[in-house]
Amino acid sequence: MLSRTALGVFRLNGQFLGVSEQLAKPGGLTAARWQVLGAVLREPLPVAGIARVMGITRQSVQRIADLLVATGLAAYAPNPAHRRAKLLRPTEAGLDAVRRIGPGHAELAARLGGELGAEGLAETMRVLERLSKALDAVTELPEPAQASDTTEAQDLSHRPEFPARP
């Protein structure tokens with residue numbers, strides 16, 4: 001049963017990454033860049049905080065964050081709570097990129113909601129959140145090794161955890 005669940009989650013993760021790559025194109029982003037940028041839309045966060053929320057390595061987030069900063073889509077800001085751990089925040093260009101993704105994202109969400117129905121979608125979210133919390137409660141996974149030849153999407157999906165909402 002666990003293997004079947006894991007395979008289903010791996011397939012779903014791959015599907016979400018594929019769809020996210022397509023959705024991110026109008027914003028000039030990749031799925032990985034959209035995912036990291038999306039994590040700081042509500043409030044600036046340190047790289048380690050983003051990694052914790054997303055369930056991935058700090059190094060993976062750091063690489064993507066540095067790329068976002070280099071392209072002007074995000075900026076580092078001082079962190080009053082920690083001198084060395086700067087906060088990542090979107091720039092106006094980053095916010096514009098995410099806004100350009102909005103229409104395609106809304107259209108997909110509406111189609112998916114239509115397919116599952118409001119209650120089915122809510123139940124799916126509850127089950128996924130419950131499974132994620134249960135895995136957190138019963139496992140202590142070591143920090144995954146960094147692979148040097150991975151793509152951005154692979155960097156952000158190498159652990160069998162659920163991706164952050166794009």
Asks: If you measure from CG on Leu37 to CG on Leu95, what distance do you get to the nearest 0.5 Å?
Replies: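 If I round to the nearest 0.5 Å, the distance is 7.0 Å.
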
Asks: Which heavy atom of Thr91 sits nearest a heavy atom of Gly72, and at what distance?
Replies: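 Distance-wise, the nearest heavy atoms are OG1-O, 2.5 Å.
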
Asks: Testing the basics here: between Ser20 and Ala31, what is the closest heavy-atom pair and its distance to 0.1 Å?
Replies: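 Looks like CB-CB, 3.6 Å.
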
Asks: Check for me, please, whether Leu41 and Val69 land in the same ILVMFWY cluster - side-chain distances under 4.5 Å, paths through other members count.
Replies: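 Yes, one cluster joins them.
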
Asks: A quick test of your reading: do over 12 heavy atoms of other residues, nucleotides or ligands sit less than 6.0 Å from CZ of Arg99?
Replies: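 Correct, the count exceeds 12.
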
Asks: About how many Å separate CG of Leu7 and CZ of Phe10, when rounded to the nearest 0.5 Å?
Replies: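 Phe10 CZ to Leu7 CG: 7.0 Å, rounded to 0.5 Å.
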
Asks: Is Asp66 paired with Arg63 through a side-chain N to carboxylate O contact shorter than 4.0 Å?
Replies: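 The answer is no: the pair does not qualify as a salt bridge.
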
Asks: Hydrophobic cluster membership, with links at side-chain heavy-atom distances under 4.5 Å among I/L/V/M/F/W/Y: are Leu68 and Val98 in one?
Replies: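 Yes, Leu68 connects to Val98 through the hydrophobic network.
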
Asks: Is the number of heavy atoms from other residues, nucleotides or ligands within 6.0 Å of CD (Gln15) greater than 12?
Replies: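 More than 12 within 6.0 Å, yes.
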
Asks: Would the number of heavy atoms belonging to other residues, nucleotides or ligands and lying under 6.0 Å from CZ of Arg126 be above 12?
Replies: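 More than 12 within 6.0 Å, yes.
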
Asks: Could you pull out the closest heavy-atom pair between Ala32 and Glu21, with the gap in Å?
Replies: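 So the minimum-distance heavy-atom pair works out to N-OE2, 4.4 Å.
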
Asks: Does the side chain of Arg33 reach to within under 4.5 Å of the side chain of Ile64, using non-hydrogen atoms?
Replies: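 The answer is yes, as the side chains (C-beta and beyond) meet within the 4.5 Å cut-off.
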
Asks: Would you give the length of the straight line joining atom CE of Met1 to atom CZ of Arg4, rounded to the nearest 0.5 angstrom?
Replies: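 One gets 7.5 Å once the value is rounded to the nearest 0.5 Å.
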
Asks: Do Thr124 side-chain atoms and Gly120 backbone N/O form a donor-acceptor pair below 3.5 Å?
Replies: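 It does hold such a pair.
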
Asks: For Ala48, is there any backbone N or O sitting under 3.5 Å from a side-chain donor or acceptor partner on Arg58?
Replies: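 Such a contact is absent between Arg58 side chain and Ala48 backbone.
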
Asks: Flag the pair Glu107 and Arg111 as a salt bridge only when some basic side-chain nitrogen lies within less than 4.0 angstrom of an acidic carboxylate oxygen.
Replies: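 Yes, charged N to carboxylate O under 4.0 Å.
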
Asks: State the CG-CD1 distance between Leu23 and Ile101, to the nearest 0.5 angstrom.
Replies: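 These two atoms lie 7.5 Å from each other.
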
Asks: Treating Ile, Leu, Val, Met, Phe, Trp and Tyr as nodes and any side-chain heavy-atom pair under 4.5 angstrom as an edge, say whether Leu121 and Val9 lie in one connected cluster.
Replies: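 No.
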
Asks: Is Leu88 reachable from Leu45 through a run of I, L, V, M, F, W or Y residues, each pair having side-chain heavy atoms under 4.5 Å apart?
Replies: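 Leu45 and Leu88: one cluster.
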
Asks: Compare every heavy atom of Pro103 with every heavy atom of Arg100, then report the nearest pair and how far apart it is.
Replies: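 For Arg100 and Pro103, the tightest heavy-atom pair comes out as O-CD, 3.5 Å.
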
Asks: Are the charged groups of Glu123 and Arg130 less than 4.0 angstrom apart, N to O?
Replies: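 Answer for the salt bridge query: no.
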
Asks: Linking I/L/V/M/F/W/Y whenever any side-chain heavy atoms sit under 4.5 Å apart, do Trp34 and Met54 land together?
Replies: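 Trp34 and Met54: one cluster.
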
Asks: List the atom of Ala97, the atom of Leu73, and the distance in Å for their closest heavy-atom pair.
Replies: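 In this case the closest contact between Ala97 and Leu73 is CB-CD2, 4.3 Å.
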
